[in-house]
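In what follows, a structure is listed as structure tokens, so that the remarks can point back to it.
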Amino acid sequence: MEKYTIAVIDGDGIGPEVVSATLKVLTAVGKKFGHKFSFKHVLMGGCAIDATGVPLPKKTVSACKRSNAVLLGAVGGPKWDKLPGHLRPEAGLLGIRAALGLYANIRPAVLYPSLAAACPLRPDIAEKGIDLIVVRELTGGMYFGKRGLKEGKFGAEAWDTEKYNVMEIQRICKIGFETARARRKKLTSIDKANVLESSRLWRKTVHEMAADYPDVVLEDMLVDNAAMQLVKNPAQFDVIVTSNMFGDILSDEASMVTGSIGLLASSSLGEKNPGLFEPIHGSAPDIAGQDKANPIATILSAAMLLLSLKLDKEANAVENAVKAVLSETAYRTGDIASTGHTVVGCVKMGNLIQERIKI
Ligand SMILES: NC(=O)c1ccc[n+]([C@@H]2O[C@H](COP(=O)([O-])OP(=O)(O)OC[C@H]3O[C@@H](n4cnc5c(N)ncnc54)[C@H](O)[C@@H]3O)[C@@H](O)[C@H]2O)c1
């Protein structure tokens with residue numbers, strides 16, 4: 001029996017709810033395929049602040065480093081919003097990405113035929129299909145650049161710096177090219193090169209790399225146009241590669257055109273440490289504690305986790321279980337329900353998927 005240790009960061013808000021549903025699914029996978037998944041629960045975010053005074057305790061970082069993979073729910077919430085930036089729950093998130101060197105965030109966005117009714121786009125646009133991957137740079141750019149706040153001539157002034165070097169651009173664009181090469185061979189590099197110097201370096205670098213990938217069609221798109229094109233014609237996209245902030249914003253948009261933010265999974269990968277797998281949504285304080293959260297994004301993140309452990313059959317079983325529940329039953333969480341559906345909570349949706357794994 002193969003043994004795997006998964007560091008589990010339940011987090012805040014709906015984090016513990018979606019994680020609990022996902023751990024049941026992973027346990028069912030273990031039983032079916034003969035693996036032992038040991039879950040090591042660790043603190044990060046608001047719950048870590050409450051228990052230890054800091055959003056990312058050292059113990060959490062070392063437990064994550066010792067694991068085979070990290071599963072994260074979500075962190076944050078209004079309770080901690082007034083704390084200074086470096087002590088907020090989100091500092092834990094940035095901290096763990098930096099500590100594990102997770103520079104590549106992979107966010108697939110797929111519109112399942114069974115969820116066509118949840119897609120807010122016109123049917124003629126949705127019918128063309130949505131099947132894209134956002135490759136987002138995760139440890140550079142404005143979220144990690146120099147920032148400040150001081151009193152100025154006209155009152156308080158604040159700044160954040162967008163900064164990228166060639167190495168950071170090359171390593172993320174390499175993942176973009178390689179991901180596109182394994183798919184429909186189209187890479188859209190999204191920047192703001194008409195205004196930003198950092199984007200001009202990004203564009204120059206990605207074009208210099210294109211010679212190594214003659215089978216991949218590379219196109220540039222300005223981020224404002226990309227925001228529009230994702231709504232106008234999302235079928236045109238195969239793989240998108242972009243900076244930390246642009247990727248953060250555009251992947252939320254990509255999630256909504258596929259039905260709900262509660263559906264989108266992600267993996268964050270580096271070179272030396274285990275990967276981190278998390279839904280792209282936040283802690284959703286508005287629905288926390290009400291059994292209303294959609295666990296599918298976290299469950300599909302667990303499928304990505306299994307892939308990272310080279311457990312391809314097991315990952316397929318999870319994806320197929322999600323697809324089967326959506327296509328063969330009328331059960332939906334509230335965020336993806338429409339006429340004729342039976343609304344279920346996070347627990348029930350998790351159980352339905354888990355039961356499918358056993359079949
Ligand atoms: N990776 C993370 O941990 C992460 C990511 C984004 C935001 N946050 C934090 O989460 C908190 C709330 O942020 P927000 O409200 O801007 O974003 P959010 O993603 O938490 O919620 C946005 C909207 O989507 C809904 N939603 C989110 N996930 C859902 C799910 N699984 N099922 C059904 N509906 C879902 C919420 O109810 C809300 O209406 C903030 O503190 C923010 O900093 C954390």
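These numbers were taken from a predicted model, which means no experiment stands behind them. Just follow the structure's listing: the first ligand is 1, and inside any ligand the first atom is 1.
Distance remark: protein heavy atom not present below 4.0 angstrom from atom 22 (C) of ligand 1. There is no protein heavy atom closer than 4.0 angstrom to atom 13 (O) of ligand 1.
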Practice prompt. For Val29 and Val318, run side-chain contact (heavy atoms from CB on, under 4.5 Å): C-alpha distance rounded to whole Å, both residues' side-chain angles, the deciding distance at 0.1 Å, then the answer.
Written response: CA-CA 8 Å; Val29 168; Val318 173; 3.6 Å; yes

Discussion item. For Trp80 and Asp50: C-alpha separation, side-chain torsions, deciding distance, then whether side-chain hydrogen bond (donor to acceptor under 3.5 Å, both in side chains) applies.
Written reply: CA-CA 9 Å; Trp80 305 282; Asp50 289 349; 3.1 Å; yes

Discussion item. Assess the residue pair Leu23 and Val8 against the criterion (side-chain contact (heavy atoms from CB on, under 4.5 Å)); give the C-alpha distance rounded to whole Å, side-chain angles, the decisive distance to 0.1 Å, and a yes or no.
Written reply: CA-CA 9 Å; Leu23 296 188; Val8 179; 4.1 Å; yes

Discussion item. Checking Asp131 against Arg184 for the salt bridge (Lys or Arg N to Asp or Glu O under 4.0 Å) test, could you report, in this order, the C-alpha distance in whole Å, the side-chain angles of both residues, the deciding distance, and whether it holds?
Written reply: CA-CA 10 Å; Asp131 180 2; Arg184 302 194 303 277; 3.7 Å; yes

Item to complete: Would you please test Asn105 and Ser268 for side-chain hydrogen bond (donor to acceptor under 3.5 Å, both in side chains) and show each step?
Response: CA-CA 4 Å; Asn105 186 223; Ser268 302; 3.1 Å; yes

Discussion item. The test is side-chain hydrogen bond (donor to acceptor under 3.5 Å, both in side chains); show your working for Ser301 and Glu278 and say whether it passes.
Written reply: CA-CA 6 Å; Ser301 302; Glu278 57 171 321; over 6 Å; no

Worksheet entry | Met142 vs Arg147, side-chain contact (heavy atoms from CB on, under 4.5 Å): CA-CA, chis, key distance, verdict | CA-CA 8 Å; Met142 208 177 290; Arg147 65 195 66 204; over 6 Å; no

Practice prompt. List the steps, then state whether side-chain hydrogen bond (donor to acceptor under 3.5 Å, both in side chains) holds for Ser243 with Trp202.
Written response: CA-CA 9 Å; Ser243 63; Trp202 182 286; over 6 Å; no

Fill in: Steps toward side-chain contact (heavy atoms from CB on, under 4.5 Å) verdict (Val70, Phe277)
CA-CA 6 Å; Val70 184; Phe277 302 83; 5.8 Å; no

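In this structure, the protein non-hydrogen atom closest to atom 2 (C) of ligand 1 is Leu93 CD2, 3.5 Å. Of the protein's non-hydrogen atoms, Asp286 OD1, 3.4 Å is the one closest to atom 36 (C) of ligand 1. If you check which protein heavy atom lies closest to atom 20 (O) of ligand 1, you get Ala284 N, 2.8 Å. With respect to atom 29 (C) of ligand 1, the closest heavy atom belonging to the protein is Ile14 CD1, 3.9 Å. Closest to atom 34 (N) of ligand 1 among all protein heavy atoms lies Ile287 CD1, 3.6 Å. At the shortest separation from atom 15 (O) of ligand 1 among protein heavy atoms lies Pro285 CD, 4.4 Å.
Looking at ligand 1, you won't find any N or O of Arg88 less than 3.5 Å from one of its N or O atoms. Distances between N or O atoms of Pro279 and those of ligand 1 include no value under 3.5 Å. For the pair Glu90 and ligand 1, the shortest N or O to N or O distance falls below 3.5 Å. Considering backbone and side-chain atoms together, Asn294 places an N or O closer than 3.5 Å to an N or O of ligand 1. Considering backbone and side-chain atoms together, His281 places an N or O closer than 3.5 Å to an N or O of ligand 1. Ligand 1 has an N or O atom lying under 3.5 Å from an N or O atom of Gly77, backbone or side chain. Geometrically, ligand 1 and Val75 share a nitrogen or oxygen pair separated by less than 3.5 Å. Annotation: Gly282 places an N or O atom under 3.5 Å from an N or O atom of ligand 1; distance criterion only.
Of all atoms in ligand 1, listed by their number and element, those nearer than 4.0 Å to a heavy atom of Ala293 are 32 (N). Near Ala74, meaning under 4.0 Å from any of its heavy atoms, are these atoms of ligand 1: 3 (O). Contact atoms of ligand 1 toward Gly262: 30 (C), 31 (N) (distance under 4.0 Å to a heavy atom of the residue). Close approach to Glu278 involves these atoms of ligand 1, each under 4.0 Å from a residue heavy atom: 1 (N).
Selection from Thr333, Val18, Ile261 by nearest heavy atom to atom 24 (O) of ligand 1 gives Ile261. Counting only non-hydrogen atoms, the option in Gly76, Ala288, Ser283 that gets closest to atom 11 (C) of ligand 1 is Ser283.
Note that the CD1 atom of Ile280 and the CD1 atom of Ile261 stand 4.5 Å from one another [nearest 0.5 Å]. Rounding to the nearest 0.5 Å places CG of Leu276 at 9.0 Å from CG of Leu305.
Heavy-atom contacts from other residues, nucleotides or ligands closer than 6.0 Å to OH of Tyr4 number more than 12.
The salt bridge (charged side-chain N to carboxylate O under 4.0 Å, His left out) with Asp238 is formed by just one residue from the set Lys185, Arg183, Arg181, Lys186; it is Arg183.
Proximity of Leu72 to ligand 1, defined as any heavy-atom pair under 4.0 Å, is not found for any part of the residue.
Under a cutoff of 6.0 Å and an axis angle of 45°, Arg171 and Tyr103 form a cation-pi pair.
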